[in-house]
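Working notes, beginning with the structure itself.
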Number of protein chains: 2
Amino acid sequence: MPRDPGSRRPTLKDLAREAGVSLASASYAVNGNGSVGEQTRAHILSAAERIGYRGNVAARVTRTGRSGTLALVVPDMTNPFFPSLAQMVFRAGRDAGFGMFLVDTEGSEPLEQKALAMVTGLGVDGVVWFPIRDKDTSAGCLDRIPTVVLDRTLPGYDHVGVDYLAAGRIAARHLIDRGHRRIGMISGPCDVASMRDRCAGAQALIEEEAELAFRVENAFSLDLEPQVAAALDGGGATAVFAAADVIALGAIRHLTRAGKRVPEDVSVLGFDDIPGADQSTPPLSTLEIPVAEIGQHAIDILVRNVAGGAGGATSLVQLDAQLVVRESVAAPPL
Amino acid sequence: MPRDPGSRRPTLKDLAREAGVSLASASYAVNGNGSVGEQTRAHILSAAERIGYRGNVAARVTRTGRSGTLALVVPDMTNPFFPSLAQMVFRAGRDAGFGMFLVDTEGSEPLEQKALAMVTGLGVDGVVWFPIRDKDTSAGCLDRIPTVVLDRTLPGYDHVGVDYLAAGRIAARHLIDRGHRRIGMISGPCDVASMRDRCAGAQALIEEEAELAFRVENAFSLDLEPQVAAALDGGGATAVFAAADVIALGAIRHLTRAGKRVPEDVSVLGFDDIPGADQSTPPLSTLEIPVAEIGQHAIDILVRNVAGGAGGATSLVQLDAQLVVRESVAAPPL
DNA sequence: GTGAAAGCGCTAACAG
DNA sequence: CTGTTAGCGCTTTCAC
């Protein structure tokens with residue numbers, strides 16, 4: 001019978017009494033540091049087992065300022081990109097010995113600010129933060145706690161991100177190399193630098209070596225807005241670069257329904273490599289964001305800072321997106 | 001400049017000194033209860049603002065045993081069903097005034113047990129738990145903390161779930177009503193009761209009123225295993241019930257590639273109504289799990305228990321899945 | 001209305 | 001190796 005709300009949860013003191021030792025010995029035995037005789041330790045541990053002693057992280061935090069946990073704060077778990085990222089960050093964090101948890105800010109700045117306050121108040125040892133926009137809503141509550149910002153860039157914070165300018169050029173390069181000369185572009189919402197950069201990078205190269213058939217913007221959605229559909233239908237592009245996979249998938253769907261074949265009639269290149277990008281028809285060629293490395297770097301920076309205290313300069317890591325060629329881009333029709 | 005790791009984070013004591021009042025008054029002013037003069041309160045609050053006082057949840061927890069937070073523990077954020085559920089639980093929880101956070105157990109029982117220990121140790125006021133399987137891995141660490149188990153059923157815990165037996169019958173009924181007499185079934189992994197029940201419910205009705213063309217099992221994946229593909233190709237079913245949307249989507253893809261039209265040649269009915277089910281071609285008919293209500297009920301139970309202490313009997317809530325008719329099922333070909 | 005003081009459960013000197 | 005003890009930051013009687 002699991003539920004037993006009546007009795008109090010056993011404390012270290014209970015343990016000490018049960019085992020007939022002092023508080024200190026109990027503490028030492030339980031968390032393996034300090035010095036206790038092998039005998040006593042075993043005895044204490046078995047007593048702990050017997051009474052179901054659990055340990056109280058919160059109390060430890062007040063005393064030591066360390067909880068052994070890291071928080072990941074993200075804008076929207078409902079966007080398929082974030083669960084993958086979260087998984088990688090979690091793994092890296094756990095491998096480094098931390099308990100990991102996540103909080104979703106649902107794209108709301110007040111909520112983001114509250115979330116940050118909550119986790120810092122709870123006593124996490126560090127936070128991995130993927131801000132909603134390139135804006136610091138922390139109101140100072142991160143001032144004294146190791147933090148690394150993902151993807152966005154906020155002055156004063158450690159940062160690990162992607163070189164989107166370069167990634168945009170890689171995207172354009174791929175299309176151009178396949179022989180395309182009239183290339184259309186569908187960007188996502190441009191209120192964040194990461195989106196603006198990937199588009200800017202692509203556009204620059206396209207205008208240098210080919211021709212920009214159109215450039216339109218669409219929400220993060222499979223559903224295309226009217227002007228986007230129109231551009232696709234009448235823009236005369238032989239290839240289109242969609243700066244987010246969801247949009248790319250939407251474009252493929254639209255094109256297919258309009259009777260055009262992808263990639264025979266028009267090529268589509270995405271960005272992000274979200275789960276499912278490899279499962280579409282045709283499988284989507286796209287630029288992969290190195291989530292695993294991002295997670296690893298973020299945790300590396302954090303452990304360094306958690307351990308070393310307020311170490312020197314802020315770290316700025318830029319990783320490269322990588323082209324993954326599948327079947328949604330081909331040479332233009334003759 | 002946000003980073004300022006040098007100075008110590010201001011405490012209540014700092015606040016009290018800065019405002020020239022006692023610890024108690026500072027505490028009262030900050031959390032709005034107790035009795036403080038309107039003047040003093042304002043004065044203290046402005047002082048708090050000035051020195052950037054934040055409050056330390058961990059410390060409050062040791063003293064009061066209340067953190068104002070709830071944890072949601074789920075098996076796999078990477079499964080598109082969970083982010084939707086999480087969102088609903090989070091909203092309900094926040095509406096009830098709690099800070100919400102999530103931990104992912106990645107389908108690993110040892111991890112699940114650690115996760116549970118971590119959140120209870122951190123001092124959450126309650127936990128919403130979607131266990132990996134119908135198995136209690138908590139090792140007693142939830143004994144004294146309000147917990148509600150989602151979807152699985154674990155003896156002794158409050159529970160909110162879905163009547164999957166009934167839901168399975170609804171699925172079969174729909175297919176039969178559309179005129180199908182040879183119905184195939186693809187179940188997901190049957191190691192959980194929720195899956196077994198939805199299949200059992202459907203199968204019972206099918207065998208009563210029609211004929212079960214085949215019953216095979218597939219992993220939670222768009223990719224179909226060989227024997228599943230074979231059943232689909234040669235089973236002679238005019239309709240198939242896939243007990244999970246991912247599998248249903250995989251079935252549609254397989255059928256389409258094999259040159260069969262859905263739903264003209266064969267109908268496909270899914271289960272879950274994951275995000276994207278409405279975006280497939282054709283849009284998937286499926287059974288919708290009432291995530292919003294699940295979340296709301298879970299939170300309701302929790303707030304009741306957090307407030308009322310160890311109230312009476314355990315609550316058992318069963319909700320109904322609802323058929324959502326889209327375009328993937330039609331009458332069988334003549 | 002305000003302050004002094006006693007802890008919450010735990011850790012970490014320090015003494016023995 | 002083990003025990004005593006002084007807090008960590010905060011809340012909450014209980015006097016004043």
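So that the names make sense, note that chain A is the first sequence line, chain B the second, and so on, each numbered from 1. Being a predicted model, the structure only gives us computed values, none of them experimental.
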[X] side-chain proximity, nearest of [options]:
| X | options | result |
| --- | --- | --- |
| B:Thr11 | D:dT12, C:dA12, D:dG9 | D:dG9 |
| A:Ala24 | D:dG3, C:dG9, C:dT11 | D:dG3 |
| A:Ala59 | D:dT4, C:dC10, D:dT2 | C:dC10 |
| A:Tyr53 | C:dC10, C:dT2, C:dG9 | C:dC10 |
| B:Ser22 | C:dA6, D:dC8, C:dT2 | C:dT2 |
| A:Arg63 | D:dG9, D:dT13, D:dC8 | D:dC8 |

How long is the line joining [atom1] of [X] and [atom2] of [N], in whole Å?
| X | N | atom1 | atom2 | value |
| --- | --- | --- | --- | --- |
| A:Ile51 | C:dG9 | CD1 | P | 13 Å |
| A:Tyr28 | C:dT11 | OH | P | 10 Å |
| A:Asp14 | C:dC8 | CG | C1' | 13 Å |
| A:Leu12 | C:dG7 | CG | C1' | 16 Å |
| A:Arg41 | D:dC1 | CZ | P | 10 Å |
| B:Leu15 | C:dG3 | CG | P | 13 Å |
| B:Glu38 | C:dT2 | CD | P | 10 Å |
| A:Leu23 | D:dG7 | CG | C1' | 13 Å |

Distance below 4.0 Å between [X] side-chain N/O and [N] OP1 or OP2:
| X | N | answer |
| --- | --- | --- |
| B:Thr62 | D:dC10 | no |
| A:Asn31 | C:dT11 | yes |
| A:Arg60 | C:dT11 | yes |
| B:Thr40 | C:dG1 | no |

Task: Under-4.0 Å salt bridge between A:Asp191 and A:Arg133 - done: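 Looking at A:Arg133 together with A:Asp191, the answer is yes, because their closest N to O distance falls below 4.0 Å.
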Just to be sure I understand the rule, does [X] reach a base, reach only the sugar-phosphate, or reach nothing, if contact means heavy atoms closer than 4.0 Å?
| X | answer |
| --- | --- |
| B:Ser27 | base |
| B:Val21 | sugar-phosphate |
| A:Gly65 | nothing |

TODO: Determine whether the aromatic ring centres of B:Phe101 and B:Phe90 lie less than 6.0 Å apart.
DONE: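 Not under 6.0 Å, so no.
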Open item on the list: Looking at B:His159 and B:Arg152, would you say the former's side chain and the latter's main chain have a donor-acceptor pair under 3.5 Å?
Closed with: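 Checking the backbone N and O of B:Arg152 against the side chain of B:His159, a donor-acceptor pair under 3.5 Å is found.
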TODO: Nearest 0.5 Å please: distance from the CG atom of B:Leu15 over to the CG atom of B:Leu23.
DONE: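 If we round to the nearest 0.5 Å, B:Leu15:CG and B:Leu23:CG are 9.5 Å apart.
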Task: Straight-line distance of B:Leu111 CG to B:Ile132 CD1, nearest 0.5 Å - done: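 Reported value, rounded in 0.5 Å steps: 8.0 Å.
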TODO: Kindly give the heavy-atom pair with the smallest separation between A:Pro80 and A:Ser84, and that separation in Å.
DONE: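 The pair with the smallest heavy-atom distance is O-OG, 3.3 Å.
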